[in-house]
Amino acid sequence: MLEIRNLNAHYGHSQVLYDISIDVKAGEFVSIIGANGAGKSTLMKVIMGLVPVSSGKLLFKGNEISRLEPWQRAGMKIAYVPEGRRVFGELTVAENLRIGGWVEPPQDLPRRVEKVVAIFPRLGERMNQAARTMSGGEQQMLAIGRALMLEPELLLVDEISMGLMPILVNRCFEVLKQLSEAGTTILLVEQNARKALGVSHRGYVLETGHIVLEGEATRLRDDDAVRRAYLGG
Amino acid sequence: MLVQQIINGIVVGSVYALTAMGATLVYGIMRILDISNAGAYAIGAYVAFFFLLQTGSPLVALVTGVALTAVFGFLVQKFLYAPLMNKSPNVSLIAGIGLFIFLQDFLRLVAGPQARELNFGTLLPSIQFPSLQLTLYGTWFLILAATALLLLILWLLLNRSPIGLAWRATAQDLETAKAMGINTNRVVAFNFILGYGFAAVAGILVGILYNSVYPTMGDVPAYKMLAVIVLGGLGNPLGTVLAALVIGMAETLIGGYVGFFLPRDAIAFVVLILILLWRPQGLLGRRRSS
Ligand SMILES: Nc1ncnc2c1ncn2[C@@H]1O[C@H](COP(=O)(O)OP(=O)(O)OP(=O)(O)O)[C@@H](O)[C@H]1O
Ligand SMILES: [Mg+2]
């Protein structure tokens with residue numbers, strides 16, 4: 001589904017990603033773990049088209065997408081849950097969801113909203129509330145719900161657990177797990193390595209812009225280096 | 001007399017609102033102060049003046065003036081601001097000022113430095129109430145009606161249409177809007193077309209109101225435009241309307257009725273400074289968290 005080959009990316013003159021190669025197969029749930037500043041969010045932005053590819057390949061379903069605009073990638077059903085939620089605070093919950101389904105036929109949106117509300121009933125109760133007035137957890141649900149409006153083939157999630165109470169973290173991971181079981185391909189970036197590796201099939205470890213390790217999630221969880229660096233011993 | 005001044009203040013404020021609306025919309029999306037928008041004000045007036053002379057039809061003059069200026073706005077966006085979008089906002093600011101100065105000199109070269117009479121407002125009747133010392137000019141009705149209509153259309157567009165929803169999302173978070181599938185290039189182009197169209201209407205109305213068009217007619221409006229959008233809370237259309245009315249009222253009431261030792265344009269800025277000391281974020285501004 002997603003093939004990244006020898007990819008490099010820069011902000012201005014400073015290189016952030018070095019020779020990255022990642023594969024995500026259809027139906028797979030893949031996690032990328034790494035410390036602060038490793039380049040996880042940058043990688044997500046590169047896939048979404050918000051940061052340009054300097055060199056290397058970026059293929060989605062076999063097609064090179066690195067020259068496409070972000071909205072064209074959304075049109076190919078790549079959905080994105082940005083770091084820090086980034087809901088549109090001045091817009092209502094309903095409007096945020098509407099924007100999540102922007103590239104989809106408008107007559108199909110009510111059905112999708114119902115599906116999202118079935119997953120996050122809380123959103124249904126707050127349809128006409130400005131997103132800015134909601135709690136952090138509700139905003140995270142909205143950010144996920146907004147992405148689901150696309151009925152994505154590939155779901156990119158940047159830090160689902162940041163700043164949430166443990167009970168909400170669990171709820172969010174559970175939702176991702178269910179989506180994965182229902183067939184959605186997921187690429188998750190997480191600092192909470194234990195949880196991420198707990199739900200995903202495979203994982204990559206990103207260190208200062210380099211992929212240093214990859215493998216089955218269960219194998220990574222047992223890896224000594226990973227345990228020391230990311231799982232707290 | 002007081003009533004006369006109040007209506008006059010609303011008329012002046014309406015013109016300021018239209019003048020500043022284009023730059024407000026542009027700031028809302030791009031976070032740059034588009035000074036050349038005030039150049040569009042003179043261009044609209046000149047194009048309309050030209051077509052009024054050629055065709056004798058006010059309607060043709062108005063439509064071509066607004067339409068050609070809107071097209072000009074699209075070109076400014078495409079060839080001036082789009083290439084500068086990833087640079088510092090200061091670069092865009094300077095480029096916009098440069099374009100504004102160029103436009104003035106261009107108009108001076110093409111149309112001559114002298115003021116031209118539009119001779120259109122005189123066609124509209126005035127209503128007099130001698131006992132009340134009140135004269136209602138036909139141009140006032142024209143300006144108030146045009147402003148009300150345009151602001152209503154703008155409000156509907158921004159709050160009740162898909163393009164308006166895309167505009168509001170893009171104004172709040174351009175990057176996320178893109179990632180959600182909104183073609184933000186289109187939103188930005190639409191923004192400039194609309195913004196320059198508004199400036200053209202303002203320029204034409206002012207040409208009618210004072211019965212003259214001249215190359216530097218955008219100068220003072222450029223300063224006022226800045227005052228109005230800063231006072232309105234930067235990029236907030238409703239704030240702009242409110243601020244325009246406050247400044248229009250203040251300068252007509254203080255300048256015309258009470259009498260003051262400063263010229264009218266200076267009063268506008270004194271009011272701006274006083275209000276900003278009280279509310280640094282502008283009348284309807286909210287401190288942005290980014
Ligand atoms: N807009 C930017 N301009 C320049 N440098 C940037 C920009 N965004 C991020 N960087 C730099 O790129 C590197 C990687 O940042 P990135 O946000 O991708 O890390 P991350 O792995 O997501 O970190 P975190 O876990 O804190 O979210 C960092 O050194 C950061 O300082
Ligand atoms: Mg990050």
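Lettering follows sequence order; numbering is per chain, from 1.
- Taken from CD1 in Ile99(A) to OG1 in Thr170(B), the straight-line distance is 7.5 Å, to the nearest 0.5 Å.
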What's the verdict on side-chain contact (heavy atoms from CB on, under 4.5 Å) for Asn183(B) and Glu69(A), showing C-alpha distance, side-chain angles and the deciding distance?
-> CA-CA 8 Å; Asn183(B) 183 336; Glu69(A) 297 284 358; over 6 Å; no
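- No more than 12 heavy atoms of other residues, nucleotides or ligands shown are found within 6.0 angstrom of NZ on Lys57(A).
- Under a cut-off of 6.0 angstrom, the local environment of NZ in Lys77(A) is crowded, with over 12 non-hydrogen atoms contributed by other residues, nucleotides or ligands.
- Closest of all the heavy-atom pairs between Met48(A) and Ala179(B) is CE-O, 3.4 Å.
- In this structure, chain B has heavy atoms under 4.5 Å from both the backbone and the side chain of Arg86(A).
- Other residues, nucleotides and ligands contribute over 12 non-hydrogen atoms within 6.0 Å of the CZ atom of Arg279(B).
- The shortest side-chain heavy-atom distance between Gln172(B) and Phe88(A) falls under the 4.5 Å cut-off.
- Atoms CD and OH, on Glu175(B) and Tyr80(A) in that order, are 6.0 Å from each other to the nearest 0.5 Å.
- For Arg67(A), the CZ atom sits in a loose shell: 12 or fewer heavy atoms of surrounding residues, nucleotides or ligands are nearer than 6.0 Å.
- Counting non-hydrogen atoms of neighbouring residues, nucleotides and ligands closer than 6.0 angstrom, the CZ atom of Phe269(B) exceeds 12 such neighbours.
- Between Ala74(A) and Met180(B), the closest heavy-atom pair is CB-C, 4.0 Å.
- Taking CD of Glu90(A) as the start and CG of Asn236(B) as the end, the distance is 9.5 Å to the nearest 0.5 Å.
- Taking every heavy atom of both residues into account, Gly181(B) and Val103(A) meet most closely at O-CG1, 3.5 Å.
- Crowding of Arg122(A) atom CZ: a count of heavy atoms from other residues, nucleotides or ligands under 6.0 Å not exceeding 12.
- Of residues 154-165 of chain B, those residues lying under 4.5 Å from chain A by any heavy-atom pair are Pro162(B), Leu165(B).
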